[in-house]
2 protein chains.
Amino acid sequence: MGKEEAGGYPSLIEDSGLASTPARAQVLEILANSQSPLTAREIHATLARTQAVDRTTVYRSLDVFVEAGLAERITSGDRAFRYGMGRRSLHARHPHFFCRQCGDMECLSAGAVELRMEDFVRTFAGLVERVEVRMDGICKNCLRRGGAGK
Amino acid sequence: MGKEEAGGYPSLIEDSGLASTPARAQVLEILANSQSPLTAREIHATLARTQAVDRTTVYRSLDVFVEAGLAERITSGDRAFRYGMGRRSLHARHPHFFCRQCGDMECLSAGAVELRMEDFVRTFAGLVERVEVRMDGICKNCLRRGGAGK
DNA sequence: TGACCGATGCAACCAAGTTGCATAGATTGC
DNA sequence: GCAATCTATGCAACTTGGTTGCATCGGTCA
């Protein structure tokens, strides 16, 4: 899923006007291969299994990706941002589910919720750049493991 | 708006099964009198103008309020949580707008967006406890002051 | 070849929030 | 009325997630 031929990620990065480096290509590959949005910490941990890369580099790579539209920064119910593939990369916008028990986040299908806001956007005095829809609750794994206890 | 007769906040707190203290009553009053969700820092700063209260106390008050449903914790585009009045307090759920330039958050009218998710919730294996709809962009003040520049 | 430029690493820093512990003020049992 | 208890508070230390300053390294271009 989201797998590309060798060399795919570097050119995806360059197509967005950014310099491709080994670290950046790997960060993007990790993002692209994940079913669900990841924290910078998770990305760094994955990356560190194969090569030593500083966490600052991960943060900075993610920053430029978000800036360029290659990745998307998603807020969750906890204090860490999550990152997923962005609009520039064949990715339809979709809502997310955040489990307040285990902290996992999952992507929901784009059609899971129907959101109508054209009327609002047309008359709103500010500029709306993006919309985030997030459901918080308890995921099915945690439900099975012992309920929604606080 | 949201104004109650003297003594209203203490009893609102006690009705939720919590002990009312001067600090808690004030925190709740600040929340209730605000048009838009506030950060713990803002609440503490407001509170500190009239009495010395430790920031830990503010955090802990907010925690118990959220727990009791008196207040609501809202995530924003930055790293700080915002707090507003919760369901238990005559408050209809509504979406929010976050300005990525000035960091202000505003409440939108409950009808601003139409969100249909009954079908999804019915077939989703996890438990959905709440939904957050947030629009990010540039508020009208910042637009006036110089556009949507990064 | 040499000047430049941006990506990286590293360490220090910062902001938001949490935790441990001692104290003070109220509440309960007697 | 007094001791035992409970819990809200204050304070300091700590944690987490992220950012910044600065030196260096590796290309690129003239």
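Below, each value reflects all heavy atoms present in this structure, side chains not excepted, and no hydrogens, waters or symmetry copies. Numbered from 1 within each chain, the chains take letters A, B, ... in sequence-line order.
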Fill in: Residue pair B:Arg82, B:Glu42: steps toward the salt bridge (Lys or Arg N to Asp or Glu O under 4.0 Å) verdict
CA-CA 9 Å; B:Arg82 318 276 151 146; B:Glu42 289 166 332; 5.0 Å; no
Fill in: Length of the CZ-C1' vector between A:Arg60 and D:dG17, whole Å
15 Å
Response to the item:
On DNA chain D, more 5' by nearest nucleotide between A:Arg41 and B:Thr21 is B:Thr21
Worksheet entry | Sub-4.5 Å side-chain heavy-atom contact between B:Met85 and B:Leu31 | yes
Worksheet item: With a 4.5 Å limit on heavy-atom distance, are the side chains of B:Leu115 and B:Met117 in contact?
Response: yes
Practice prompt. State whether A:Tyr59 places a side-chain N or O below 4.0 Å from either non-bridging phosphate oxygen (OP1 or OP2) of D:dG18.
Written response: yes
Discussion item. Reading DNA chain D from 5' onward, which residue's closest nucleotide shows up sooner: A:Arg79 or B:Ala23?
Written reply: B:Ala23
Worksheet entry | A:Asp54 CG - D:dT20 P separation (whole Å) | 15 Å
Worksheet item: Would a line drawn from the ring center of B:Phe65 to the ring center of B:Tyr83 be shorter than 6.0 Å?
Response: no
Fill in: Distance in angstrom units between A:Ile43 CD1 and D:dG17 P, rounded
13 Å
Worksheet item: Would B:Arg130 and B:Glu132 pass as an ion pair if we require N to O under 4.0 Å?
Response: yes
Discussion item. When you measure only distances, ignoring hydrogens and angles, does the side chain of B:Arg55 come within 3.5 Å of the base of D:dG10 through a donor and an acceptor?
Written reply: no
Fill in: Closest heavy-atom pair and its distance - B:Ile13, B:Ala19
CG2-O, 3.7 Å
Worksheet item: D:dT19, D:dT16, D:dT9: which one has an atom nearest the side-chain heavy atoms of B:Ser61?
Response: D:dT9
Worksheet entry | Nucleotide range of DNA chain C lying under 4.0 Å from chain A heavy atoms | C:dA7 to C:dG17
Response to the item:
Rounded to whole Å, CG of A:Asp63 lies from P of D:dG18 at a distance of 10 Å
Item to complete: Between D:dG18, D:dT9, D:dT20, spot the one nearest the side chain of A:Thr56, thanks.
Response: D:dT20
